[in-house]
Each structure stands twice: as C-alpha cells, then as structure tokens.
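To start, the structure itself, in structure tokens.
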Amino acid sequence: MTVRTRADLDALPSYVPGKTVPGAIKLASNEVSAGPLPSVVRAVAEAATAMNRYPDTGCAELVDRLADRLGVPAGQVATGSGSVTLCQQLIQATCADGDEVLFPWRSFEAYPLLTHVVGAAQVRVPVTAGHALDLDAMAAAITPRTRLVFVCNPNNPTGTAVRSGELEEFVAKVPDDVLVVVDEAYKEFVDDPHVPDGVEFAKTQWARGRENVAVLRTFSKAYGLAGLRVGYAVASEPVVETLRKVYVPFAVNSLAQVAAIASLDAEDELMERCRAIVAERGRVRGALLGLGFDVPESQANFVWLPLGERTLEFNDHCLAHKVVVRAFAGDGARVTIGEPDENDAFLAAAEAWSAQ
C-alpha cells in the first residue's frame, strides 16, 4: 500500500539553489566569496567544543544584541533558520486555507513555494518594464482575502529597490489587518540614500499606530554565514509573539548564534567589505552596459541581465567559460558580484557572448 501524501504537492516545483560546479567560479547564489570574517571563524571554533549541548531555543543573547543595535524591545525581535524560514513562519502565522499571499514577480522564488506548502493562495504581481516592483499594481491586487504582502527590497533577482516615498504611499493603501513584510536580505549593500532602512521605516509606522509592518534580515549574505542559517524578523510584539508559536524548537543552532554575535562585533570590518562589493557592482554593471547588455541599477550584491528566451543559452555559454550564473529560464540571469578576479572572468565570458 502506498502512503497517502498531499496530491497538490505533486505539481509543486522544488526550490532550485545556485549550482556548484567543480573547477568553476560560482556566481549563482549571492554568497560572499570572501567567506566569514576571521574573528567569526575563531569564535565558532571555540564554541564547537560545546556542540553536545542543545542551543538556546530562544536565542536570548542574540535577540538582546539585535534589539539593542536596532533600538527596539527584545519582544519585537524573532530569530529563525535563515530569513526564508521566517517567511514561512509569517505565512503560517497569518494565513489559513483560502487566504492570499501577495508578492511581486519575478521576486524571491521561495515566496510561491512557501505559500503553497502552507496552503494559502498566491497572487503574483508582475514587475514593471524597468524590472522594479509595481507597488500601485500590488496595492490594487489586495482583496479581502489578502493576509500578507511581501516587498523584497532590494528585489531578488532584479536588484531594483523601492524608495522611501514609494513605500510610504504603498503602506498607506494597505488595510491595517494585512501584514506588509519588507524583506531586506540585501540591506547591507544599499548605497542609495533614498532607499529606506526597513526597521526605521517600521518604527515610524508603529508610532502612527500601524502595526502591520514587519522586516526580515539575514546573516547569510553580507555576513558570510549562508551555511549556518540564521536570520531575524523585527515586528510588532503581537506579530513576534505569534511567530514564536510556529517556531521549530532549536532551529538556530548554537554555532550559528555564536557566529551571528561575533559578526555584530565586527561590524566595521563587515561594512568595509560591503563597500568593496558595492564598488565592484558598479564596475561590473558599467562594463556590461558598455558591452550592450540591459542591466537595471542594482542595490544588492548581484546584477540582473533580462535576457528573456536567450537566458539558458547565456547560462550554457558562461558554464563553458567556467563561470556559474543563476538562470531563470525565459526571464534572465542573476550574477553575483564576487571577488575582482571572479568578476573579470565573468566579464570576459560576457564579452565573448556579446561578440557572437
């Protein structure tokens, strides 16, 4: 007898991570090529001797550090095994069968998968011709069944960002009982002063009595801790309290907690590295524009090439040049900004492509 499982999952596509190809340069997963900071590696090595003990399931020390750094009460911070897990928890905390989760598309590819797994309905709102979030269309798509809206800022995979005034106008249109989640996985790479700091924006909204704004951040990208899986949410206390009810116990392991705290201690060194990545981002985009590629302005640690039907052809071309990019068939390719020599290898592949 075959075990009965949910029939609707048969048609659910799997999450597709960036490829790792031996001997090739990986620019597919938005990781930081330089790896974790040396001080963080030392802290993790010291903590490894206690891995026979369960971690603090509430991540109390990390939560306190984050709360102090962000200027919010500890009751407004929740941790998770990467921000993607918090995305799922937020959907679980707000949605029942038949409720809707609204998000831009294309955006973070986990949004539709997580929404489906939880049992909610997904509403995808196309991005603009300039590859930016269409906040007017998103506001218009909200229905009485909408429970949660994701605003990925900067947006993955297009790299485009929503400015302060745009976000302010959008939130004003959203009903008070619909949660707006500002997903800031790439916050540390933003250099446009008009792109809001999500937590500061949320504080302003809370002060006005609007508690329906939450913010997600992660240690996976800028902090170089993708392999340890730790992220956090900042929200009103009722939202955080509900998040903790759907939390998987011990989800953030002890080494991840130590690494996150050590990373916060090395903030200056971290931001110096982020600035170097931002400078490389500008160089890579400028070179691609010079080669005739359409490349929207990015505020993340990657660039987006909207290649449409030629995306897989470009992907195969890059693989032949020992460079792994992230292809989204029919839409475009996302290319992580790596170390200068890695970027040079990609640009050489791009130049060969443009010369065909």
Side-chain angles (χ1 to χ4, degrees), residues 14-20 26 28-33 35-37 40 44 47 51 55-63 65-66 69-70 77-94 101 103 107-118 148 150-157 181-189 198-199 214-235 239-240 243-264 270 274 300-302 326 334 336:
S14 299
Y15 178 83
V16 181
K19 257 187 213 177
T20 298
K26 185 182 179 186
S29 297
N30 301 340
E31 300 152 331
V32 174
S33 295
L37 299 173
V40 175
V44 169
M51 68 172 69
D56 171 14
T57 193
C59 301
E61 185 178 356
L62 176 57
V63 165
R65 287 291 303 275
L66 288 168
R69 179 175 175 270
L70 299 169
V77 179
T79 56
S81 180
S83 58
V84 65
T85 300
L86 288 159
C87 287
Q88 179 167 326
Q89 289 174 231
L90 284 164
I91 299 170
Q92 290 174 314
T94 56
V101 176
F103 47 85
S107 191
F108 182 32
E109 71 171 307
Y111 294 155
L113 304 180
L114 298 174
T115 300
H116 187 98
V117 167
V118 171
L148 185 148
F150 283 112
V151 177
C152 193
N153 199 37
N155 186 44
N156 174 17
V181 180
V182 183
D183 188 347
E184 292 190 324
Y186 302 94
K187 164 71 177 65
E188 292 82 5
F189 304 105
V199 173
V215 181
L216 292 179
R217 290 183 182 170
T218 182
F219 285 89
S220 295
K221 309 303 182 186
Y223 292 85
L225 303 183
L228 286 180
R229 314 305 305 126
V230 54
Y232 60 96
V234 186
V239 170
V240 168
L243 260 182
R244 289 174 177 160
K245 290 179 180 178
V246 294
Y247 177 74
V248 176
F250 309 116
V252 182
N253 69 66
S254 54
L255 299 186
Q257 293 181 43
V258 167
I261 292 168
S263 294
L264 293 175
L270 171 85
C274 288
N301 69 331
F302 54 83
R326 179 69 171 87
R334 188 191 67 199
T336 306

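Between E109 and R326 a salt bridge is recorded (basic side-chain N to carboxylate O distance below 4.0 Å). Ion pairing between a basic and an acidic side chain is recognised when a charged N comes within 4.0 Å of a carboxylate O; E188 and K221 show no such pairing.
In this model, a donor atom of one side chain and an acceptor atom of the other lie less than 3.5 Å apart for R334 and N156.
In this structure, CG in L114 is found 10.5 Å from CD in Q89, a value given to the nearest 0.5 Å. Atom CG of L228 is separated from atom OH of Y223 by 14.5 Å, given to the nearest 0.5 angstrom. Interatomic distance, OH of Y247 versus OG1 of T57, reported as 4.5 Å (0.5 Å rounding). We find the CD-CG distance between Q92 and L243 to be 9.5 Å, quoted to the nearest 0.5 Å. We find the OG-CG distance between S81 and N253 to be 7.5 Å, quoted to the nearest 0.5 Å.
Closest approach of V252 and C59 over heavy atoms only: CB-SG, 3.7 Å. Closest approach of L225 and A260 over heavy atoms only: CD1-N, 3.9 Å. For the residue pair S107 and P157, the shortest heavy atom distance occurs at O-CD, 3.9 Å. Closest approach of V84 to A110, counting heavy atoms only: CG2-CB, 3.8 Å. A pairwise comparison of heavy atoms in F302 and T336 identifies CB-CA, 3.9 Å as the closest pair.
Contact of the L37 side chain with the S263 side chain is not registered, since no non-hydrogen atoms from C-beta on lie closer than 4.5 Å. Within the 4.5 Å cutoff, the side chain of Q257 has heavy atoms near those of the D56 side chain. Proximity of L216 to C87: side-chain heavy atoms (C-beta onward) are separated by under 4.5 Å at one or more points. Within the 4.5 Å cutoff, side-chain heavy atoms of L62 are placed close to those of T79. Side-chain atoms of V215 and Y232, non-hydrogen and from C-beta on, never get closer than 4.5 Å to each other. Side-chain contact between V234 and L70: present, with at least one pair of heavy atoms (C-beta onward) separated by less than 4.5 Å. Side-chain contact between L66 and L264 is present, with heavy atoms from C-beta onward closer than 4.5 Å. For the pair F150/I91, a side-chain contact is recorded, criterion being any heavy-atom separation below 4.5 Å from C-beta on.
Between F189 and Y186, the ring-plane angle classifies as tilted under the 30° and 60° cut-offs.
A distance-only check finds a donor-acceptor pair linking the side chain of T218 to the backbone of S220 [under 3.5 Å]. Here the side chain of E184 pairs no donor or acceptor atom with the backbone of R217 at under 3.5 angstrom.
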Given L90 and V239, is the side chain to side chain contact (heavy atoms under 4.5 Å, CB included) satisfied, shown in steps? CA-CA 8 Å; L90 284 164; V239 170; 4.2 Å; yes
